[in-house]
Amino acid sequence: MPHQLTSIGYIKENAIGHVIDGNDISSNDISKSKYYLTPAACIHLYPMLEKEQLENVVITTRARVYRYENAQFEKGQRLWDFTVREFVAVGAPRFVQAFLKDFQYKSLELCKKLGIDVKLSASNDHFYPTKENSLMQKIQKANNLKIELSADSGEKPLAIASYNYHNYHFSKPFHFDKNEKVVTGCVGFGLDRWLNVIR
Amino acid sequence: MPIEEKIVEIFACYAECPKEEISIDTEVESLGLSSFSFIQIIVTIEETYQIEFSMEDLQAEKFISIQNCACRVKELLDGR
């Protein structure tokens, strides 16, 4: 998602006086750092698992996540800065698939208790538009690699959780696939959106 | 070059196993492809034959062996 990344900048030392004087901050006053704000909660886990011998475990993390979405922001729905609770399953394909199904079932049950009208449907990630990426989106949808839980929130459905099967996408490059025995999958809950749909 | 031979050659370019072990009957899963390599294979096939796989064509069960892929390419070419 490079087109959604948010980079970090700071006021240059020689511009501080100019800014303190109440002038608008121009791009010339800012120095770009080499750091970026994280665009996803789970992506930091995979390098941490490098060469680990894990199998059939679930790891959880909660993070502030930042995605720039062409300034199409809407309070409680599409934010630049939001909080995600993620669960990552690491293990045999059957374990990870069962984990994703189980979380879908539990999410539906939770929504029923909370009175939220929801449905599950196949979806895809919004990659930068290239030929390769549009193929990746087609493959995701064709194979149900990404399922979204959408809530009826007025005008259009709002995705409040997603269930993603990664196969060897992370386990292979980070060498914890145990010779193609271990895959990963994750479930992410957009907490701001949940708050928005709970009445 | 016959379609089967060309498709095997394209898969072999991205496979992690020795090229001489790859034939038209080889199972795609046994090639140790990353998702990026698989995408590159599909793009190369589409560009080579000026075809476009549908979403249905890209279901995992339609890509069990290289033969399955070659058959679908032939069907798409015949249907033009």
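Scope of the values below: all heavy atoms of this structure, side chains included, with no hydrogens, waters or symmetry mates. Proteins come first, then strands; the chains are lettered A, B, ... in the order of their sequence lines, and each starts at number 1.
For A/Glu109, the CD atom sits in a packed shell: over 12 heavy atoms of surrounding residues, nucleotides or ligands are nearer than 6.0 Å. The neighbour count for A/Lys101 NZ, taken as heavy atoms of other residues, nucleotides or ligands under 6.0 Å away, does not exceed 12. Summarising the local packing, CG of A/Asp24 is surrounded by 12 or fewer heavy atoms from other residues, nucleotides or ligands at distances under 6.0 Å. No more than 12 heavy atoms of other residues, nucleotides or ligands shown are found within 6.0 angstrom of NZ on A/Lys112. Heavy-atom contacts from other residues, nucleotides or ligands closer than 6.0 Å to CD1 of A/Ile25 number 12 or fewer. More than 12 heavy atoms of other residues, nucleotides or ligands sit less than 6.0 Å from atom NZ of A/Lys12.
Both A/Val58 and A/Val187 belong to a common hydrophobic cluster when Ile, Leu, Val, Met, Phe, Trp and Tyr are linked at side-chain heavy-atom distances under 4.5 angstrom. One hydrophobic cluster holds both A/Leu120 and A/Val96 under the rule that ILVMFWY side chains link at heavy-atom gaps under 4.5 Å. At a threshold of 4.5 Å between side-chain heavy atoms, the hydrophobic network of Ile, Leu, Val, Met, Phe, Trp and Tyr places B/Phe11 and B/Ile42 in one connected group. The hydrophobic cluster containing A/Phe82 does not contain A/Ile43, counting ILVMFWY residues as joined when their side-chain heavy atoms lie under 4.5 angstrom apart, directly or transitively. No continuous path of ILVMFWY side-chain contacts below 4.5 Å connects A/Phe99 to A/Val88, so the two sit in separate hydrophobic clusters.
With a threshold of 4.5 angstrom between heavy atoms, B/Glu29 approaches chain A through N, CA, C or O but not through any side-chain atom.
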side-chain contact (heavy atoms from CB on, under 4.5 Å) evaluation trace for A/Leu135 with B/Leu58: CA-CA 9 Å; A/Leu135 257 174; B/Leu58 296 169; 3.7 Å; yes
Could you go through the side-chain contact (heavy atoms from CB on, under 4.5 Å) check for A/Met136 and B/Phe36 one step at a time? CA-CA 9 Å; A/Met136 183 77 99; B/Phe36 290 120; 4.0 Å; yes
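In this structure, the side chains of B/Phe38 and A/Ile139 come closer than 4.5 Å at one or more pairs of heavy atoms.
Scanning residues 44-51 of chain B against chain A with a 4.5 Å non-hydrogen threshold yields B/Glu46, B/Glu47, sorted by number. Listed in order of number, the residues of residues 46-57 of chain A that approach chain B to under 4.5 Å between heavy atoms amount to none.
A side-chain contact (heavy atoms from CB on, under 4.5 Å) with B/Met55 holds for exactly one of A/Lys141, A/Gln137, A/Gln140; it is A/Lys141.
Taking both residues in full, the closest heavy atoms of B/Gly32 and A/Glu180 are given as CA-OE2, 3.4 Å, listed atom of the first, atom of the second, then distance.
Considering only heavy-atom pairs separated by less than 4.5 Å from chain A, the leading option among B/Glu61, B/Gln59, B/Lys62 is B/Gln59.
Rounding to the nearest 0.5 angstrom, the gap separating the CG atom in A/Asn167 from the CG atom in B/Leu33 is 11.0 Å. With rounding to the nearest 0.5 angstrom, the OG atom of B/Ser35 is 8.5 Å from the CZ atom of A/Phe170.
Using modelled atom types, one side-chain atom of A/Lys138 and one backbone atom of B/Phe53 make a donor-acceptor pair closer than 3.5 Å.
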